[in-house]
Amino acid sequence: MTTNNSNTNNINKKKIFLSSPHMSDEGYEKQYIEEAFETNWVAPLGPNVDSFETEFATKIGSSYAAALSSGTSAIHMALKAAGVKPNDKVFCQSLTFSATANPIIYENAVPIFIDSDDKTWNMDPNALEHAIKKYPDTKYAIVVHLYGLSADLDPIIELCEKHGITLIEDAAESLGTTYKGKQTGTFGKFGVFSFNGNKIITTSGGGMLVSEDKERIEKVRFWSTQSREKERHYEHKELGYNYRMSNIVAGIGRGQLKILDERVAKKRYIFEFYKENLGNLDGINFMPINDWNNPNCWLSCLTLNSKIKPLDIMTALEKENIESRPIWKPMHMQPFFEKYDYVGGNVSRNLFETGVCLPSDTKMTNEDLERVCSIIKELWS
Ligand SMILES: *Cc1c(COP(=O)(O)O)cnc(C)c1O
């Protein structure tokens, strides 16, 4: 996020990021990259890619994984692997980053946006049930686990099973989060993760698709390397993509995976710190943590029911060279997507209008956290 204050000179103040890349103190990432350099595996594919897939799948308790160039490409491949065809409808959580919905359009399919509930901030099972009644021929759904909170998966899975709907989990923000003791991303037919620069672990850019279906994961590896048939010459019977992760990028991922638990612990510490220091301010509510959810707290978010507005907080922080941002603007409110149907009420809109994501960078010190809190408390005094 850019800070662009012409009238305030904040560049001398220590910058605090919303969430920025944080390599391991031990230098694991460098070791894997150096190995790749020494063996000249500076190429798409290679031993780091194979190992990253296996290590990642083991870490989250999934059987198969395909390392891809981004979370977005992983969602795209999930839709294709699930069998989405042009004009098929796909139920899609409205409150999310646009990357959840864009691949539905790549496949010329039709998103039906679904509201969130206040209990989880994610897909409202009641709204999904209404949507199924309205569009009973729909065979696909994408649920998201925003900010590391998990959706209430049991009722969603029950509805999907009852109506023959293939569930895709967008777990781009929730690596390390569990729902009833099991990792998010391992409940649906397909789970999607992202290693973009601001995610809880990063490879600069990258993504992972996981599934219990070996054949589908192998198919995704095939499509994402240009659908090249096993011939001496280049033979193509299907449309191909250049979506594979490179061996260098995968080396960073292997190193980052080793310190995922540390990063989760720090993100949770940051959230608890804010809750303890700001929780008593009139009209502040922190994001909901349900007892069945062990969240990674990727970003610490709150909503305001107060004379102080999200913009007041964001402006005050920006003046001090500190990043923050609003909650995602729902897809059904986006000019590009507003022509598609939306099922639900105003929960996602309210979250967007009243919510703020506080800086949640794992490099933050206690002094940094105190600085953020005192700037915010000042607004209430
Ligand atoms: C980051 C993100 C993505 C996309 O991942 P990229 O790796 O940036 O393509 C998808 N969905 C959600 C909810 C995200 O936050």
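Along the sequence shown, residues carry numbers from 1. When a ligand or atom number is given, it counts from 1 through the structure's own listing order.
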Atom indices of ligand 1, in the order listed, that fall short of 4.0 Å to a heavy atom of [X]:
X    : answer
A172 : 2 (C), 3 (C), 10 (C), 11 (N), 12 (C), 14 (C)
T72  : 4 (C), 5 (O), 6 (P), 9 (O)
S70  : 7 (O), 9 (O)
T100 : 11 (N), 13 (C)
S194 : 1 (C), 5 (O), 6 (P), 7 (O), 8 (O)
A99  : 3 (C), 4 (C), 10 (C)
T96  : 13 (C)

- prompt: Linking Ile, Leu, Val, Met, Phe, Trp and Tyr by side-chain heavy atoms under 4.5 Å, what else ends up with F222?
  reply: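 Grouped by the 4.5 Å side-chain rule, Y64, L68, I75, M77, L79, V84, V90, I104, Y140, I142, I168, F190, V192, L209, I217, V220, W223, L239, Y241, Y243 form the rest of the cluster around F222.
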Salt-bridged, [X] to [Y], with N to O below 4.0 Å?
X    : Y    : answer
D117 : K119 : no
K89  : D341 : no
E55  : R254 : yes

task: Show your reasoning for whether salt bridge (charged side-chain N to carboxylate O under 4.0 Å, His left out) applies to D261 and K59.
output: CA-CA 10 Å; D261 296 346; K59 179 81 191 168; 3.0 Å; yes
field: Cationic tip of K339 above F336 ring, under 6.0 Å, 45° of axis
entry: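 Flagged: K339 positioned over aromatic ring of F336.
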- prompt: Any cation-pi pair here, K15 with F17, using under 6.0 Å and within 45°?
  reply: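 Geometry flag: set, cation within 6.0 Å and 45°.
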- prompt: For ligand 1, is G206 a contact, meaning one of its heavy atoms is under 4.0 Å away?
  reply: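 Yes; G206 lies near enough to ligand 1 that a heavy-atom distance drops under 4.0 Å.
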Give me the residue, atom name and distance of the protein heavy atom closest to [atom].
atom                    : value
atom 2 (C) of ligand 1  : K199 NZ, 2.9 Å
atom 8 (O) of ligand 1  : N196 ND2, 2.7 Å
atom 15 (O) of ligand 1 : E173 OE2, 2.6 Å

field: Side-chain (S348) to main-chain (L95) donor-acceptor, under 3.5 angstrom
entry: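 Side chain of S348 to backbone of L95, a donor-acceptor pair under 3.5 Å: no, none is there.
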query: Considering only heavy atoms, which of V192, T202, D170 lies nearest to atom 10 (C) of ligand 1?
result: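 Closest candidate by heavy-atom distance is D170.
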